[in-house]
Amino acid sequence: MHAINLALARRFERLADLLEIRGDEAYKIRAYRRAAETLYQLHEPVTRYAEEGRLRELPGIGPALARKIQEFLETGEISALTRLQREVPPTLLDLLHLPGLGPAKVRALWKTLGITDLPSLEAALRAGKVHQVPGFGARTVDRLLKALAEFQARPPEHLLAHARDMGSFLVQWLRDVPGVHRAEITGPVRRWVPFVPHLDLLVAASVPPGELLSILLGHPLVETGRVQDDGRLELRDLEGLPIMVHLAGEASFGTAWAVTTGSVAHWQGLQRLAEAKGWHLSPQGLGPVGEETPIPDEETLYTALDLPWIPPELREGRGEIEAARQGALPSLLPWDAWKADLHTHTRWSDGALDLRDLVTAAWKRGLRVIAITDHSPAQHVANGLSVERLRKQREEVEKVRAEWGDRILILHGAEVDILPDGSLDYPDEVLAELDIVIASPHMALRQDAQEATQRLVRAASHPWVDIIGHPRGRMWPRRPGLPLDMDALLRAALEHQVALEVNSNPHRLDLGEEDLRRAAQAGVLIAINTDAHHPHDFAYHLFGVALARRTWVDPTLVLNAWEPERLMAWLRERKSRA
DNA sequence: GCCGTTTTCGGCCCGACTGTTTTCAGTCG
């Protein structure tokens, strides 16, 4: 992903959202969304297409959009968007996040009551004005008040994937600036916290803060920014992600990086170790009080405290310092140990690639095993496979398998829906024909804990099921997912030796952190999958691996790190018992 | 606003559900 493509895509999406609220023609709006999608998928920077006069070759880009892209590349602005934002307040877009409010209802609120943002909506709701608007009844008012309260109670969390992208864009941007000696990602993003409140950067530079600010404001994805009283820079990107830029001297970069990385509990643990030695640890350095020595890198800091360097994703104050002191840090799943994706989709259901192309993409990624697991019939919207089509797909799998030989192991499987009562969406004799079966919940995600737990336990006990996919079915930020008695599910998984999935899609990360920690302690088998629908989705595995490292998952329990022969033996053994 | 050999204008994805209505508009996936 290139920053310039993302910057344009976001602006086209915003144009589409604002036009929709204004009530423009639906197909025009769709054209902007399509153009945004094209830019997201584009491998090369759009600048190259512009330079070569090839913008019109991109799908969904016609004369009008090509002109807007050209304008943005030359001026950093799209005048149509600037004008539109003056007419339709962009704060109205916040209202779209509330369930039940779409563009038409937002327009009605704006036009009849002059509501322009969340506070004015809340005021109007409380003043009883909203039910006067046609289309808004008592139920809607109630629901909106509830949604508003929930929305405000929730700390603003952002996608780690987006924060990491932004972090690397800005770090690259800064490293090209003369006078910037070092720029690094720090804070919760560096620790791979699954959902983050903000992005933190640490910069050592001989450039005054004001100048640094204008350099950062020149980045196409940065929207606003200011220098705080304490000298830090506070910025916000196009998606509303807050970005804190901390400044440090080059000589004390090590301590500054450790303190800004956190967590607070981990840093305090380090300070206690320093105190035990009669020293003082501060962001400026380490040593006897008043004589702290600046420390330029983290390795030196940890060594001075008689510790091995502790990876950021472990620094949560959950016993990692004690473990490190005793030389008993857990053995972590290596970043490059992920060699199998056991959950992927092709164009047979809702994936973007033909089966053959997906296998090629997997092989290019260095995967040694790929399971093709398209949807079952209950997923109409996703074009789920009838039994007949599933069997036809098997023929294609066998052809592709013959082409690839033993370079990559291709498994034919399915992601079969777990129906609300816990039964599965294919009959047993069909499941028996598959190499691997993932069972996942997609529908009826508002069940109560008892119903949902019974449902998942029943699926986990099914003889043909190998993996439970995204067990809660959560989807950030809209769907919290099923409430579950996790211990009951873990017991069932252990008893039947079924693996639970960590779905690495950054919107899912399900199992989540708490669930996974308990699963790891219970010794349940774990499958880290990407649920890839596009070839670039394979990159998601990093989020799953990071989660496994954060929760101290024993690498030997991770199916995706096994040798293909062992995985096959496990699957065969399960089949023979079923 | 884009697209195309049925082509330079007319079509572009749609069905289920919900809440508000009294026959349907808007949301959601």
Side-chain angles (χ1 to χ4, degrees), chain A residues 8-9 11-39 41-42 49 54-72 78-81 83-84 92-93 95-112 121 125 130-147 345 347 349-352 375-384 415 417 420 440-446 470 473-481 505 507-508 531 533:
Chain A
L8 264 162
R11 282 171 171 84
F12 285 157
E13 275 189 345
R14 186 177 287 191
L15 255 160
D17 289 344
L18 292 171
L19 288 172
E20 208 169 16
I21 291 177
R22 194 171 75 175
D24 279 47
E25 209 243 332
Y27 291 111
K28 180 174 169 179
I29 291 158
R30 188 179 301 168
Y32 279 105
R33 295 238 160 86
R34 211 173 144 225
E37 193 51 38
T38 293
L39 289 163
Q41 306 294 341
L42 201 60
Y49 286 84
R54 297 196 293 124
L55 284 174
R56 298 282 304 276
E57 290 173 20
L58 296 171
I61 308 293
L65 284 169
R67 257 200 313 280
K68 289 186 172 73
I69 293 175
Q70 203 74 47
E71 183 196 2
F72 183 69
I78 300 172
S79 46
L81 176 59
R83 275 197 307 276
L84 188 59
L92 280 174
L93 300 176
L95 272 57
L96 293 175
H97 296 305
L98 298 175
L101 280 192
K105 295 212 154 171
V106 169
R107 175 169 64 250
L109 291 170
W110 172 43
K111 288 297 185 188
T112 54
L121 172 62
L125 283 167
V130 170
H131 80 268
Q132 300 161 8
V133 183
F136 288 81
R139 282 176 103 135
T140 307
V141 171
D142 274 0
R143 242 161 46 110
L144 282 177
L145 274 169
K146 222 174 273 169
H345 295 273
R347 209 172 275 174
S349 64
D350 60 350
H375 289 286
S376 64
Q379 289 297 301
H380 308 286
V381 276
N383 194 21
E415 182 183 22
D417 251 65
S440 312
H442 290 104
M443 57 176 81
L445 296 175
R446 287 182 199 166
H470 49 71
R474 79 159 162 177
M475 188 68 95
W476 183 93
R478 286 224 153 188
R479 281 210 313 252
N505 182 309
H507 291 269
R508 289 194 182 272
D531 200 350
H533 288 72

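Letters A, B, ... mirror the listed sequences (proteins, then strands); counts begin at 1. Bear in mind the structure is a predicted one, so any value in this text is a computation, not a measurement.
- The separation of B:dT6 from B:dC2, taken at their P atoms, amounts to 23 Å, rounded to a whole angstrom.
- Both A:G137 and A:A66 lie near DNA chain B, and the one whose nearest nucleotide falls closer to the 5' end is A:A66.
- Taking the C1' atoms as reference points, B:dT20 lies 11 Å from B:dG26, given to the whole Å.
- When the nucleotides B:dT20, B:dG1, B:dC3 are ranked by their closest atom to the side chain of A:A31, B:dG1 comes out on top.
- Taking atom P in both B:dG10 and B:dG15, the straight-line distance is 25 Å, to the nearest Å.
- The minimum heavy-atom distance between A:H442 and A:L445, with the atom names listed, is O-CD1, 3.3 Å.
- Rounding to whole angstrom units, NZ of residue A:K146 and P of B:dG19 are separated by 11 Å.
- Rounded to whole Å, the distance from CD on A:E57 to P on B:dC3 is 12 Å.
- Regarding A:R56, its CZ atom lies at a distance of 10 Å from the C1' atom of B:dC3, rounded to whole Å.
- Using a 4.0 Å heavy-atom distance criterion, A:A138 is classed as a sugar-phosphate-only contact.
- Side-chain nitrogen and oxygen atoms of A:K105 include none within less than 4.0 Å of the OP1 or OP2 phosphate oxygen of B:dA25.
- Searching all strands for a Watson-Crick or G-U wobble partner of B:dT27 with both distances below 3.5 Å returns B:dA16.
- One can place OH of A:Y27 at 13 Å from C1' of B:dC3, the figure rounded to the nearest angstrom.
- Listed for the A:S376 side chain is a donor-acceptor partner under 3.5 Å among the backbone atoms of A:D417.
- To the nearest whole angstrom, the two C1' atoms, one in B:dG29 and one in B:dC13, are 12 Å apart.
- From A:I61, atom CD1 reaches atom CG of A:L55 across 7.5 Å, with rounding to the nearest 0.5 Å.
- To the nearest whole angstrom, the two P atoms, one in B:dC9 and one in B:dC14, are 25 Å apart.
- Counting only heavy atoms from C-beta on, A:A104 has its side chain closest to B:dT27 among B:dG1, B:dT27, B:dG19.
- Proximity of A:R30 to the phosphate of B:dC13: a side-chain N or O atom is located under 4.0 Å from OP1 or OP2.
- Proximity of A:Y32 to the phosphate of B:dG1: a side-chain N or O atom is located under 4.0 Å from OP1 or OP2.
- Remark: C1' of B:dG29 and CG of A:D350 are 12 Å apart, rounded to the nearest angstrom.
- Under the 3.5 Å distance criterion, the side-chain polar atoms of A:S349 are left unmatched by any main-chain donor or acceptor of A:H345.
- A:P103 comes within 4.0 angstrom of the backbone, heavy atoms only, and of no base.
- Rounded to whole Å, the separation between the C1' atoms of B:dC24 and B:dC12 comes to 24 Å.
- Using a 4.0 Å heavy-atom cutoff across all strands shown, A:I61 reaches sugar-phosphate atoms only and no base atom.
- Between the CZ atom of A:R474 and the P atom of B:dG29 there is a distance of 17 Å, given to the nearest Å.
- Rounded to whole Å, the P atom of B:dT21 lies 24 Å from the corresponding atom of B:dA16.
- Counting non-hydrogen atoms of other residues, nucleotides and ligands closer than 6.0 Å to CZ of A:R139 gives a total of 12 or fewer.
- Atom-to-atom, CZ of A:R139 to P of B:dC17 comes out at 16 Å; the value is rounded to the nearest Å.
- Using a 4.5 Å heavy-atom threshold, the side chains of A:F12 and A:K68 count as touching.
- Rounded to a whole Å, the CG atom of A:L144 is 16 Å from the P atom of B:dG26.
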